[in-house]
Amino acid sequence: MSSDVTVVLPDGSERVLSPDATGADLAADLGGRAAKDALIVVADGIQLDLNQPLPDGSHVSLVFPASDAGLEVLRHSTAHVLAQAVLDLYPGATFSIGPPIEDGFYYDFDLPNNQTFSDEDLEQISSKMKEIVNRKQPFIRSEIDRTEADKLFAAHPYKLEILDGEADDPTSGPEDGVITTYRNTDDFVDLCRGPHVPDTGYLAHFQLMRVAGAYWRGDENRQMLQRIYGTAWATKKDLNAHLEQLEEAAKRDHRKLATELDLLSFPSELGGGLAVWHPKGAIVRKLMEDYSRERHEEGGYQFVYTPHLANQRLFQTSGHLDFYADGMYPPMEMDNGTYYLKPMNCPMHCLIFGHGQRSYKELPLRLFELGTVYRYERSGTLHGLMRIRGFTQDDSHLYVAAEQLADEIASLLDFVLSVLRAFGFDDFTFHLSTKDPEKYVGSDEIWNQATDALRGALERHGLDYAVKEADAAFYGPKIDIDVKDAIGRSWQLSTIQCDFNLPEQFDLHYVAADGERHRPIMLHRALFGSIERFFGVMVEHYGGAFPTWLSPVQVQVLGVRADHDSFADKIVERLISNGIRAEMVEADEPLGTRIRKGKLEKLPYILVVGDADVEHDTAGVNPRGGDVERDVPIVDFVQRITAEIAEKATGPNVQ
RNA sequence: GCCCGAGUAGCUCAACGGCUAGAGCACCGCUCUUGUAAAGCGGGGGUUGUGGGUUCGAUUCCCACCUCGGGCUCCA
């Protein structure tokens, strides 16, 4: 006879349960919300289904839908329902893997006769899933042996590959040699580690999102499977909030806004991944670049210019041709050699450092260039400004003596964050990428020194960071900086990378105080990363409503009637003479219409002038996202907007 | 590059294989003269992405290419 089971709850209290008690028994015993909503139970750190027995003496906690772990279970279980629906609706279909992912889940299928899913199919599959949910089918776990598994999945070759360990799937592959399955009906069983929700009735709040192709085992040489993505949440409210967030993101899409606000375009005549900047986009870009130059000048950088083309010998020396030839535009044969468009500015900056004798007194030597580079991105990877074939890096290369490394990185970090803040980004995430023991150049000593310098800089600034082990490039460790935008999305922008390789390849050296030649360490630093991409991120961050200092047009002045136009014109002249980008809109349409058009252009200020304003030299001020103020003296307005522009206020993010 | 989907006026979208390819916004002209998010009338604007094919007839069906979108792979 087995005896009672004692478990320890998260608050430290003990609970005595009947023999062979399960998580469900515990939940029932606790009652209330626990009995109703618990999805799984964690016992001594191991996730268990609610119907699995609890080990005696274990520390247990119930997992609810609102938690990260709960959502993961919910999404994983919903993926099973998707698989059941597809296998039911498409005879001969087979399935491979279906894990939970951020915000949802997917499942990969292989349909007979190269069939594919359409959007209409998604609706049908979704209805079938809802039927399954309504049936409240239990998830029944079994441990089986390989013979049985072979029989069970005889028609499903991808599952057999997972069983063989050829395909590594952490959600379904055998763990410690134990093969587990989850069965929902006589017909549907999936290879899976679990755990799962008690029954499909827990899975009400999901939506299938899209179909996509995906290579089996992520290998582009293997079969292309049909993937269905879905999202799933604990409540209807959460699901709707997520869908609204997606709508909000779509509204801010820089490709859409760039067209609507006439910022730039991607003419197909140019070819994929190449943009032309229209006047309104170009002025914003110019302001960004001007500000960047100003800050670099203050920061002790020296400006350089280098050409777009170089002899292939340069890229052989730098190693780019060996490692990245696939990403470079094809060579051009010239009468005196073979030339390439440059994919990077660093080799040319190394030539500048290497020209003549360098003294330790010149270090740190900071070179800066807005350098345009060209990379042959594969056609399917292009994405607006975010992934583009021709772009400009705000690229700097710093040459330092080893003993200067720590201080230089620390001040570099200050510099980068300060510039990012000026553009309205103040929520950062940092990643420190360390040596890949399989792939690196340079001594352990120098790697440690550089990694310590990077880590020290982060810690000196009191910044939280995550370490990405073995994620560094072969030439040195790095810090990557992500920013969060106004709707909480992360974008990787800046990077600070140590490089022990290029100084070697280019045989760079300086003469130190001891009279000996020493090798400098090189730092690569991109702040915006790519001007194009940073601009795209800014458009999405502000939803096209640029802060006043960056707005293509800062003020429009509207007369109430046509006979106020000349007064409006005079105000515009006064604004322009104060360095403000202003324009007059003639009164050939009703005032409301003209205001509406200005609002759609997301202008920071619209001024309206009528009889009283002509008399008193005032204007009605209609600010973006604020209330209309009447009878504001023009001098006051000029002073106010001038101050706002001067301090580069990013202000509330108003739409 | 691979899978799926889409390309019609500057933009957003209509048009069973069949009459001169339509509408709103935008643009141009005229009228209206307006106090804070859409006044009225008229006009111009298209080789339906490009090239082939099927057909009496193609925006519509088929093929190739180009560009775009969603993914996969890749991203110095």
Side-chain angles (χ1 to χ4, degrees), chain A residues 106 108 114-119 121-122 209-229 250 253 255-256 259-262 265-274 315 318-328 342-347 373 375-384 386-389 393 395 473-475 478 492 495 497 499 501-502 524 526 530 558-565 586-601 606-613 619-624 627-631:
Chain A
Y106 67 80
D108 285 350
N114 292 319
Q115 284 180 75
T116 55
F117 294 115
S118 67
D119 288 347
D121 293 336
L122 282 192
M209 303 302 285
R210 61 178 67 93
V211 296
Y215 298 110
W216 170 232
R217 287 154 72 172
D219 180 342
E220 62 180 318
N221 298 311
R222 290 182 193 271
Q223 174 76 22
M224 175 71 72
L225 303 175
Q226 296 292 310
R227 174 171 298 179
I228 295 178
Y229 282 95
D253 190 311
R255 296 163 300 184
K256 176 174 148 14
T259 303
E260 284 175 8
L261 301 176
D262 196 17
S265 61
F266 296 89
S268 58
E269 294 87 336
L270 260 186
L274 297 168
F315 300 117
S318 70
H320 288 108
L321 217 38
D322 290 338
F323 287 99
Y324 306 112
D326 287 349
M328 293 169 66
K342 68 173 168 181
M344 291 288 278
N345 300 301
C346 36
V373 298
R375 297 181 183 177
Y376 182 76
E377 303 285 2
R378 296 207 284 180
S379 60
T381 64
L382 300 172
H383 181 90
M386 302 305 179
R387 194 79 179 268
I388 197 172
R389 284 182 175 150
Q393 295 180 309
D395 209 0
F474 71 93
Y475 50 73
K478 63 172 177 176
Q492 202 219 301
T495 181
Q497 310 186 350
D499 188 343
N501 180 53
L502 277 186
H524 302 252
S530 128
L558 281 48
V560 172
R561 288 190 315 273
D563 52 320
H564 302 124
D565 280 358
E586 285 180 25
D588 54 5
E589 285 178 302
L591 184 62
T593 301
R594 286 176 285 149
I595 288 172
R596 178 166 191 274
K597 285 179 180 173
K599 292 293 180 186
L600 291 175
E601 277 185 66
I606 296 168
L607 301 191
V608 174
V609 292
D611 290 334
D613 298 300
V621 176
N622 186 333
R624 186 175 59 198
D627 296 328
V628 173
E629 294 168 62
R630 292 286 296 270
D631 309 317

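Letters A, B, ... mirror the listed sequences (proteins, then strands); counts begin at 1.
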Set of side chain to side chain donor-acceptor pair (under 3.5 Å) partners for A/Arg389, sequence neighbours left out:
none
Mind checking what makes side chain to side chain donor-acceptor pair (under 3.5 Å) contact with A/Ser318, not counting sequence neighbours?
A/His320
A/Asp262 CG to B/G10 P, straight-line distance once rounded to whole Å
14 Å
Nearest-Å distance, NZ (A/Lys256) to C1' (B/G69)?
15 Å
Holding to ring-ring contact (aromatic ring centres under 6.0 Å, His included), I want the full list of residues that pass it with A/Tyr475, two or more places apart in sequence or in another chain.
A/His524
ring-ring contact (aromatic ring centres under 6.0 Å, His included) partners of A/Tyr229, counting only residues at least two apart:
A/Tyr106
Side-chain N,O (A/Ser379) to OP1/OP2 (B/G1) below 4.0 Å
yes
A/Thr593 meets the side chain to side chain contact (heavy atoms under 4.5 Å, CB included) criterion, sequence neighbours left out, with A/Glu589, A/Pro590, A/Lys597
Report the residues that fulfil salt bridge (Lys or Arg N to Asp or Glu O under 4.0 Å) with [X], sequence neighbours left out, ordered by chain and then residue number.
X: A/Asp563; result: A/Arg561
X: A/Asp253; result: A/Arg255
X: A/Arg630; result: none
X: A/Arg594; result: none

Expected output check: what is the dot-bracket annotation of RNA chain B, where ( ) and [ ] are pairs inside the strand (brackets for crossing ones), | is paired with another strand, and pairs are Watson-Crick or G-U under 3.5 Å?
(((((((..((((....[...)))).(((((.......))))).....(((((..]....))))))))))))....
How would you summarise protein contacts on nucleotides 25-34 of chain B per nucleotide, using B for base, S for sugar-phosphate only and - for none, with heavy-atom distances below 4.0 Å?
-S------BB
Under a 4.0 Å heavy-atom criterion, the protein footprint on nucleotides 71-76 of chain B, written with B, S and -, is BBBBBB
Once hydrogens and angles are ignored, does a donor-acceptor distance under 3.5 Å link the base of B/G5 to the side chain of A/Asp119?
no
If I pick the P atom on B/U31 and the same atom on B/U36, what distance separates them, to the nearest angstrom?
26 Å
